Amino acid sequence: MIGVRFTPARSQGGLGARLAVGALVRLGHNPRVSADSPLLAARQILSRTFGHAAFRGLQEGVIGEILAGRSAIAVLPTGGGKSLCYQIPSLMLEGLGLVVSPLIALMADQVAGMRQMGVAAARLDSTASPEERRETWSRIEAGTLDLLYISPEGLMQPAMLERLSRLKLALVAIDEAHCVSQWGHDFRPEYRNLGRLTEVFPDVPRLAVTATADARTREDIRNELRLQGAREFVDSFARPELILSAERKTGRGRKRVIELVKARPNRSGVVYSGSRDGAEEMAAELVEAGAPALAYHAGLDKQVRADRLTKFLDAEEAVMVATIAFGMGVDKPDVRYVIHADPPSSIEAYWQEIGRAGRDGEPAEGITLYSSADLSWALRRIDTRELSDEVRQVQVRKVRQLYAMLEGMGCRAAAVRRYFGETGVEPCGQCDLCVAPPAAIDASLAAQKALSAVHRLGGRTGRGRVVDHLLGKTKDPSSAETQMSTFGVGTEFSPAGWRDLLDQLLFEGLLREDPNDGRPLVGLGDVDAVRAVYRGERKVQVRRAPEAHDAGTRSGRPRKERGGVPLAVDEGDMALFNALRAWRRDEAARQAVPPYVIFHDRTLAELAQARPANRDALARIGGVGQGKLDRYAGALLALVAQG
Ligand code: ADP
Ligand code: ZN
C-alpha cells in the first residue's frame with residue numbers, strides 16, 4: 001500500500017443514527033451488535049451477500065470511512081474491487097445509495113450483477129422507457145431500493161436533483177472520478193458539474209473512485225468534486241495477473257496481430273486500434289483468418305454497437321477489435337488478452353486499457369505493438385489540437401513517458417508503478433523484459449554518424465535516403481552528396497540495422513519526422529540533446545547490436561508464441577469445469593444476462609476442484625453468496641454429484 005493520506009474530515013453525525021436498522025434485520029444481523037461494530041457487519045455482508053471471504057487491499061478502510069459518515073477518495077487498481085466500496089455501505093446505511101457512472105454498459109452490468117445477489121438495484125438512464133422510470137421511481141420513493149445507478153447528465157438535471165434532495169441518501173458514489181480532470185485522457189466536461197453535489201447533499205458522504213490517477217489527477221478530483229477534507233486511499237497499482245510485453249511493429253502490424261490472436265484460441269480478447277477504419281479492416285482480416293472478431297467504434301450505429309457489445313460479453317470466445325470508444329466500464333471479467341495494434345496515448349491509458357484483461361484475477365496478457373511512426377503521429381496530433389501551452393506540454397510529456405516505457409530496458413510493470421508514484425517497486429519477473437533481459441549496447445558513435453548525416457542532408461530526405469546515404473548506396477547521388485563527409489561512412493551496419501537505430505533516435509527525440517503528406521522527412525530533433533550526443537555527453541543505447549538484425553526477430557526477441565496463459569484448472573477437474581460452464585451458458589441465455597453475471601470462471605474452477613457435497617460446503621466457495629445459493633444450489637450440487 002502506498003500514500004494513504006490522512007486529512008481531517010468533518011464528522012457528519014453519529015454512526016448509530018445512520019445505520020439502517022431495517023437493512024441489517026433483513027440481512028439477519030442483530031442491529032445493536034452491528035451498530036457497535038460496523039466493520040463486523042460489513043464483513044458479514046461481504047460474506048453473506050457477495051460470497052467473499054475477506055476484504056481486499058484498502059476496501060475495508062474506504063468502507064469504514066463512509067460508514068463513519070465521511071467522504072473519501074479511493075484510487076484502487078482495475079479489478080481491485082472498487083464497486084464493493086460503495087455497494088456495501090449502500091446496503092448498510094439508511095437511504096438510497098446513488099452511483100454516478102459514465103457508461104450505460106457498466107450500469108447495466110452492475111445492476112444485473114446486484115440483482116443476482118438479491119440486492120435491490122436499478123438504473124435511470126436514457127435507455128429506460130417511461131414505464132421503467134415510473135416503476136423505478138415508485139421503488140425509490142417507497143424506500144425499497146438500495147442502489148440507484150445514474151449518469152452525470154441525468155443526475156444534474158434540476159428536476160432530478162430536486163426530487164432526490166427530498167429523499168434520504170446513504171451516499172453518493174462517483175465512479176471513474178478521473179473523468180473530471182482535463183489532464184487525464186477521459187475528460188468529460190459534464191463531470192465538472194458534480195462539484196455542486198456538495199451543496200445539494202451537504203450531509204451525505206461522497207465517495208470518488210477511480211483506477212487512474214497520478215498526483216495531478218487526484219488533485220483535480222479533490223478540487224473539482226470539492227472533496228477538500230476527504231481522506232485519500234491509494235492502493236498499489238500492481239496487477240500481478242497481467243503479463244506485459246511490447247514489440248516494435250513492422251508496417252501496420254496486421255499480420256502480427258493475426259498471429260497473436262490465432263495463438264490464443266478459446267478465450268476472449270480485445271484488440272485496440274487507433275482508428276475506426278483500422279478497426280473495421282483489422283476485424284475483417286481476423287474474421288477471414290478464422291477468428292471470431294467484431295469491430296466496435298463510435299462511428300457505428302448505436303444499435304449495432306449495443307448488439308456487438310452484448311455478443312462480446314455473452315461469449316466465452318470473442319475478439320473485440322475496437323477504438324478506445326470501447327472499454328471504459330466494460331468489465332467482462334474473463335478477457336484473457338488485450339493487444340494494442342496501435343499504442344495507447346499515455347501510461348494511464350495503457351494501464352486502463354490493458355487493465356480490462358484479467359479482471360477475474362486469473363492470468364492475462366497485455367501486448368503492445370508500436371513504431372516510431374506511431375510516436376510521430378501522436379506528437380503531431382497534439383500539435384494540431386487547440387490546447388493551452390500548459391496542457392500541450394503535459395500531453396507531450398505523457399506520450400514521451402509512454403514510449404520510454406515501451407522502449408525501456410527494465411521491468412515494464414515496475415516502470416508503470418513508478419510512474420504512478422509507487423516507491424520500492426520490485427521487478428515483476430514475468431514481463432518480456434524480465435523473462436529475457438535485453439542487452440544494452442552502446443551505439444553512440446553510430447548515432448553521431450546518423451545525426452550528422454541527417455544534418456547534412458538538411459531534413460529534405462526520408463529515412464530510406466538517410467540509410468542509403470550512410471551506406472553510400474544512394475541511387476544517382478548528386479556530386480554534392482557524394483562529397484559529404486557522411487556519405488558511405490556507415491558500412492558497419494546492415495540497412496535494417498540502420499533503420500532500427502533511426503527508430504531509436506526518433507523514440508529518443510533526437511530525430512523527428514515531418515509528415516510531408518505521407519512521405520515523411522527526417523530532421524534533427526531536440527537541439528540540446530543532439531549537441532550532447534555529438535559531444536559524447538549523452539550516450540545512445542540500443543537493445544542489441546543493430547547488425548544482429550534479421551527479419552524474423554524484428555523486435556530482437558524470439559517470435560515463438562507461447563499461445564497465451566493457461567486457465568487455472570487441473571486436468572482431472574476439466575470435465576466438471578466444462579460441464580459447469582455449459583450449465584452457466586444455458587442459465588445465462590435463459591435469463592438473458594452475460595455468463596459471468598451468474599458466476600465467474602474462477603468460481604466454477606474452484607467448484608470443480610473442491611466438489612462441495614452440500615449447501616454449507618457450497619457456501620464456502622468464493623463468489624457464492626446467499627442470493628446465488630438460493631438460486632443455484634440445487635443445480636450446482638447435482639452437477640457436482642454427476643461429475
Ligand atoms: P473495479 O475496481 O475494477 O471496479 P470490481 O468492483 O468490478 O473492480 O471488482 C472486480 C472483481 O473482484 C469482481 O468480480 C468482484 O466480485 C471481485 N471482488 C471484489 N472484492 C472482492 C473481495 N474482497 N474478495 C474477492 N473478490 C472480490
Ligand atoms: Zn517485469
Side-chain angles (χ1 to χ4, degrees), residues 1-4 56-58 75-80 211-215 234-248 260 335-340 343-344 346-370 397-443 504 507-508 539-545 548 553-566 568:
M1 178 208 311
I2 56 151
V4 177
R56 249 190 217 160
L58 302 178
V75 184
L76 310 184
T78 308
T212 310
D214 54 9
V234 183
D235 206 347
S236 163
F237 277 77
R239 288 285 311 272
E241 66 281 12
L242 289 185
I243 299 165
L244 310 179
S245 64
E247 43 188 86
R248 286 192 196 175
L260 290 165
V335 171
R336 294 269 72 85
Y337 61 86
V338 168
I339 298 171
H340 276 100
S346 65
I347 290 184
E348 280 101 331
Y350 172 70
W351 211 232
Q352 198 167 53
E353 283 155 26
I354 63 169
R356 286 169 192 136
R359 294 177 61 100
D360 53 7
E362 302 292 321
E365 296 169 284
I367 305 164
T368 309
L369 306 185
Y370 65 99
R397 195 167 62 240
K398 280 178 189 269
V399 168
R400 290 258 171 231
Q401 282 168 319
L402 170 77
Y403 281 83
M405 182 279 293
L406 293 173
E407 276 286 291
M409 304 264 183
C411 175
R412 296 188 194 282
V416 171
R417 291 172 61 190
R418 277 195 299 269
Y419 174 87
F420 285 122
E422 280 189 60
T423 51
V425 174
E426 298 286 327
C428 75
Q430 60 185 13
C431 72
D432 55 345
L433 298 180
C434 279
V435 170
I441 289 168
D442 188 349
Q504 181 76 29
F507 284 127
E508 293 192 23
K539 296 229 164 305
V540 174
Q541 294 201 315
V542 290
R543 278 202 191 141
R544 70 213 132 85
T553 58
R554 219 186 133 70
S555 65
R557 286 180 294 280
R559 268 299 170 83
K560 204 173 155 311
E561 263 323 307
R562 279 179 299 175
V565 289

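Note: hydrogens, waters and symmetry copies are ignored here, and every other heavy atom, side chains too, is used. Here the structure is a predicted model, which is why all the values come from computation and not from measurement. Index from 1, following the sequence.
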Flag side-chain contact, heavy atom, 4.5 Å: I243 against C431: no

Residue pair Y403 / P343: nearest heavy atoms and the distance that separates them: OH-CG, 3.0 Å

All salt bridge (Lys or Arg N to Asp or Glu O under 4.0 Å) counterparts of R359, not counting sequence neighbours: D331

Any donor-acceptor N/O pair, D432 side chain to A246 backbone, under 3.5 Å: yes

Atom pair CZ (R412) and CG (L406), whose distance is rounded to the nearest 0.5 Å: 6.5 Å

Contacts of P427 that satisfy side-chain contact (heavy atoms from CB on, under 4.5 Å) - sequence neighbours left out: C411, C434

Gap separating the OG atom of S245 from the CG atom of L260, nearest 0.5 angstrom: 7.5 Å

Heavy-atom pair with the smallest gap, counting every atom of I347 and M405: CD1-CB, 4.1 Å

Nearest heavy atoms of G408 and L433, plus distance in Å: O-CD1, 3.3 Å

Under 3.5 Å donor-acceptor, W351 side chain and F420 backbone: no

Which atom of V542 lies closest to which atom of A443, heavy atoms considered: CG2-CB, 4.0 Å

Any side-chain heavy-atom pair of L244 and Y350 under 4.5 Å: yes

Those residues that, when tested against E407, pass side-chain hydrogen bond (donor to acceptor under 3.5 Å, both in side chains) (two or more places apart): R248, Y370

Donor-acceptor pair, side chain of R336 and main chain of E362, under 3.5 angstrom: yes

Side chains of I354 and P344 in contact at under 4.5 Å (non-hydrogen atoms): no

Residue pair D235 / P77, side-chain heavy-atom distance below 4.5 Å: yes

pair H340-I367: side-chain heavy atoms closer than 4.5 Å: no

Under 3.5 Å: donor-acceptor pair, side chain of Q430, backbone of P240: yes

Check against side-chain contact (heavy atoms from CB on, under 4.5 Å), V75 and F237: CA-CA 9 Å; V75 184; F237 277 77; 3.5 Å; yes

Any donor-acceptor pair under 3.5 Å from R418 side chain to A413 backbone: no

Residues in side-chain contact (heavy atoms from CB on, under 4.5 Å) contact with E241, at least two apart in sequence or another chain: R239

S236 and E422, any side-chain heavy atoms less than 4.5 Å apart: yes

V540 side chain reached by E508 side chain, heavy atoms, under 4.5 Å: yes

side-chain hydrogen bond (donor to acceptor under 3.5 Å, both in side chains) against Y419, all qualifying residues, sequence neighbours excluded: E348

